[in-house]
Number of protein chains: 4
Amino acid sequence: MARNKDEKKRAAILQTSKTLFSQKGFYNTSISDIVDETGLPVGTIYTYFTNKEEIVRVIIEEGWSNLELRLEEAFRNAGSNEEKLKILVDEFLPELLGDLDLITILLAEAVSYTKIEEKIDKLAELIFSTIKPMAKSSQLFNKFSKNTMYAALMVYFLGIMNSVKLAESSSLSVSANDIMHFIRQTIENNMHITF
Amino acid sequence: MARNKDEKKRAAILQTSKTLFSQKGFYNTSISDIVDETGLPVGTIYTYFTNKEEIVRVIIEEGWSNLELRLEEAFRNAGSNEEKLKILVDEFLPELLGDLDLITILLAEAVSYTKIEEKIDKLAELIFSTIKPMAKSSQLFNKFSKNTMYAALMVYFLGIMNSVKLAESSSLSVSANDIMHFIRQTIENNMHITF
Amino acid sequence: MARNKDEKKRAAILQTSKTLFSQKGFYNTSISDIVDETGLPVGTIYTYFTNKEEIVRVIIEEGWSNLELRLEEAFRNAGSNEEKLKILVDEFLPELLGDLDLITILLAEAVSYTKIEEKIDKLAELIFSTIKPMAKSSQLFNKFSKNTMYAALMVYFLGIMNSVKLAESSSLSVSANDIMHFIRQTIENNMHITF
Amino acid sequence: MARNKDEKKRAAILQTSKTLFSQKGFYNTSISDIVDETGLPVGTIYTYFTNKEEIVRVIIEEGWSNLELRLEEAFRNAGSNEEKLKILVDEFLPELLGDLDLITILLAEAVSYTKIEEKIDKLAELIFSTIKPMAKSSQLFNKFSKNTMYAALMVYFLGIMNSVKLAESSSLSVSANDIMHFIRQTIENNMHITF
DNA sequence: AATGAATGAGTCTTCATTCAT
DNA sequence: TATGAATGAAGACTCATTCAT
């Protein structure tokens with residue numbers, strides 16, 4: 001009961017902060033803004049989080065591990081690697097790209113407040129182990145060393161996030177759909193998979 | 001009569017700020033920091049720049065237009081489109097990637113303080129017009145619509161910048177070399193160009 | 001739970017600021033001065049007032065409305081218009097003139113920070129409605145149009161305040177007493193009232 | 001020749017400053033504003049005036065002594081005291097009230113930067129010596145002591161200036177004409193003079 | 001002599017965090 | 001336990017005046 005109420009407050013702080021951090025940036029969002037938006041007293045913010053940094057950290061960590069969990073769950077249920085790749089593109093990516101606030105915060109603050117390299121390494125490893133067996137049939141990827149593969153994954157992953165964010169926040173002539181389309185075609189062409 | 005504005009001071013402010021903004025971020029760099037690092041008095045900072053924002057803006061604008069000028073110059077001297085593409089990869093990219101401070105600031109602040117979409121659109125247009133004629137011989141690119149091409153360019157461009165930055169600032173197992181290698185191979189495979 | 005805003009602190013800030021603004025002027029009084037004089041920390045000033053301007057504004061508004069309230073209260077208890085006029089001269093004016101700091105701030109800052117014309121209009125209306133019935137017996141006032149009456153009230157009101165202020169702050173050979181004497185005699189002569 | 005040019009610059013500085021001080025106030029007008037408005041270099045301002053304060057001081061002193069000179073000149077040419085009084089009301093006052101910028105600066109800054117009491121004392125003396133002989137025929141004034149007379153002059157003088165200024169700068173329902181009308185009627189009634 | 005860049009003490013204000021109640 | 005007033009170091013920026021050129 002009390003627990004339930006607590007969870008709601010914690011969630012409210014996180015949700016509000018996430019929106020604000022994404023919209024105004026971490027430094028332009030004051031604890032006071034969070035207080036105003038949530039309607040909670042300042043003191044309460046500090047009973048749930050030790051400081052402002054911890055709020056971003058938790059937003060990033062929970063947001064990321066949530067994505068990761070879903071991906072792992074989906075992968076577990078997938079039969080073939082082809083299926084995994086499809087899930088990656090058709091479920092994981094759309095879900096990630098649907099959470100623009102998370103992407104914005106990830107790109108802007110993850111380096112400062114979390115060990116982003118560990119997250120990316122882990123994700124890259126997961127994808128790599130999925131793609132590798134399929135790469136033999138790829139004109140492109142079977143030439144790639146592991147390091148090059150990792151580089152490729154990073155470029156695609158960070159490039160997609162950054163592009164989608166920019167596409168949404170500015171008047172660029174490119175949309176998230178165009179980006180997804182490009183990714184699907186790239187995979188189709190290189191991995192002989194049809195979406 | 002009376003002193004003239006000192007180009008050296010202006011340059012020192014820009015150079016110092018660029019390093020500091022890149023290392024500590026825009027918000028964590030105070031005018032005081034710039035004062036300490038340059039050795040100039042506060043007032044002098046403000047005779048060269050109207051405020052802190054203008055400093056970032058100039059760093060980005062001048063950094064970018066410098067890059068752009070060199071690219072245009074190189075393109076002008078290039079004979080074929082193949083040559084242009086090589087220049088893009090062998091000169092423009094290394095130069096961009098060599099200026100990690102600029103990349104960091106570009107990724108972190110360009111959206112807030114400059115019209116980044118205009119810059120990217122212009123660059124994309126330039127590259128697009130170079131690649132398009134070559135795309136016919138590409139298995140991949142000749143299937144792409146213009147929008148997909150743009151999306152691809154954005155993903156690669158932002159992805160490269162972000163990856164190199166992350167590679168340098170964290171303990172990632174991927175290096176700038178790996179990234180460049182991936183790019184060259186991707187072009188080789190898709191454009192039938194040999195580096 | 002948690003402390004409540006302390007009325008004493010608010011009053012101390014107002015009182016100190018009033019004295020300082022009056023003595024040194026609004027622009028020559030720094031928040032630092034107020035801090036030094038009250039002994040309160042800067043931050044505390046800003047928990048009670050949003051900025052320096054608000055402090056003057058409140059000094060003026062509260063000072064004026066205090067005066068107004070007392071006048072209205074006194075008028076309510078007055079039987080005749082003659083009595084009202086006496087109260088105006090014997091209670092309201094001395095009270096106003098006794099608060100030289102308020103007068104000084106009123107004259108210097110009220111135009112910039114408050115709607116002084118509304119205050120004066122309201123006061124003029126109040127006095128006008130008191131004087132009008134008595135004006136018939138006045139050689140002077142019964143010739144006056146309403147606009148001229150208003151002009152007269154303004155000239156006397158502002159003239160009195162300005163004169164008293166100047167009399168006190170400089171080595172003028174005129175005192176507040178002389179000014180009050182002049183006012184009483186003027187009313188006696190024109191309204192056939194004896195003080 | 002050179003002298004002529006110098007005079008123009010000096011006058012330009014004074015004229016521009018007068019307008020700015022009146023519009024924005026002394027503290028809200030920066031030397032930089034004066035530089036921008038006159039188009040003169042900062043250094044030049046300081047070859048004509050030793051500092052900002054001297055500019056106000058000169059504006060007030062010259063403005064005032066100009067008024068005084070004209071009044072004395074007019075008085076010298078006047079035959080009777082009645083004529084002098086008419087000149088005071090029909091020439092001096094309109095001229096003073098026509099220079100609202102001067103009035104504004106006079107009211108706001110004269111106490112701080114000049115010996116306003118000397119100016120007023122001198123003017124009062126001049127008017128007093130004119131009015132005194134006429135006062136015998138006045139119901140009102142022949143009862144007044146010298147001090148009361150002085151008080152009256154101050155109240156009227158400061159009251160007129162302050163009222164006109166307020167009338168012009170705010171949405172008060174009183175105009176400069178109403179004020180002049182009141183003054184003329186007051187004199188007519190008390191001094192038996194017809195305008 | 002004319003100029004305008006140089007100067008830095010001083011301005012107002014903010015804000016994450018604490019802790020008295 | 002919940003609260004929100006209290007805090008003060010630190011922030012960005014200003015501006016009258018000087019003085020090197």
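Please read these numbers as outputs of a predicted model, since none were measured by experiment. Computed from heavy atoms alone, side chains included, the values below leave out hydrogens, waters and symmetry copies.
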- Item | Residue whose closest nucleotide on DNA chain E lies nearer the 5' end, D33(C) versus P41(D) | P41(D)

- Just how far, in rounded Å, is P of dA9(F) from CG of N28(B)? 20 Å

- Message: Looking at every non-hydrogen atom in both residues, tell me the closest pair between L166(D) and I120(C) and how far apart they are.
- Response: CD2-CD1, 3.4 Å

- Message: A side-chain contact here means heavy atoms from C-beta on lying under 4.5 Å apart; do K165(B) and V111(A) qualify?
- Response: yes

- Note on the structure: Correct closest heavy-atom pair for N28(D) and D33(D) would be O-OD2, 3.6 Å

- Item | With N162(A) via side-chain hydrogen bond (donor to acceptor under 3.5 Å, both in side chains) - residues at least two apart | none

- Query: When you look at E61(D) and K119(D), which way does the salt bridge (charged side-chain N to carboxylate O under 4.0 Å, His left out) test go after all the steps?
  - Reply: CA-CA 9 Å; E61(D) 297 291 5; K119(D) 295 185 200 351; 2.9 Å; yes

- Once you build an axis from the first five pairs and another from the last five of the helix from dA2(E)-dT21(F) to dT21(E)-dA2(F), how far apart in angle are they, to 10 degrees? 0°

- Mind checking the OG1-CD spacing from T104(C) to E109(C)? Nearest 0.5 Å is all I need. 10.0 Å

- Measure the distance from NZ on K5(B) to P on dT21(F) and round it to the nearest whole Å. 18 Å

- Task: State whether Y48(D) and K9(D) meet the cation-pi test: NZ (Lys) or CZ (Arg) under 6.0 Å from the six-membered ring centroid, and within 45° of the perpendicular axis.
- Result: no

- Task: Using a cut-off of strictly less than 4.0 Å, decide whether T47(B) has a side-chain nitrogen or oxygen near OP1 or OP2 of dA5(E).
- Result: no

- Query: Please walk me through it: do R10(B) and E7(B) pass salt bridge (charged side-chain N to carboxylate O under 4.0 Å, His left out)?
  - Reply: CA-CA 5 Å; R10(B) 200 188 105 104; E7(B) 190 48 46; 3.7 Å; yes

- Message: Considering every strand and a 4.0 Å limit on heavy-atom distances, what is the contact class for F49(B): base, sugar-phosphate, or nothing?
- Response: nothing

- Message: What is the distance, to the nearest angstrom, from the CZ atom on R10(A) to the C1' atom on dA2(F)?
- Response: 19 Å

- Message: Can you measure I55(C) atom CD1 to dC12(E) atom C1' for me and round it to whole angstrom units?
- Response: 11 Å

- Task: With the side chain of K9(B) defined as its heavy atoms from C-beta on, choose the nearest nucleotide among dG4(E), dA6(E), dT21(E).
- Result: dA6(E)

- Task: Look at T44(C) and dA6(F) and indicate whether a side-chain polar atom (N or O) is within less than 4.0 Å of OP1 or OP2.
- Result: no

- Is the F26(D) to Y27(C) ring centre distance short of 6.0 Å? no

- Message: If I take atom CG in residue D6(A) and atom P in nucleotide dT1(F), what distance separates them, rounded to the nearest angstrom?
- Response: 11 Å

- Note on the structure: With B for base contact, S for sugar-phosphate-only contact and - for none (protein heavy atoms under 4.0 Å), nucleotides 12-17 of chain F reads SBB-SB

- Item | Nearest-Å distance for atom pair CG/P, residues L40(B) and dA6(E) | 9 Å

- Would you say a side-chain N or O of Y48(C) is under 4.0 Å from OP1 or OP2 of dA6(F)? yes

- Message: Distance check needed: dT21(F) C1' versus R3(B) CZ, whole Å only.
- Response: 8 Å

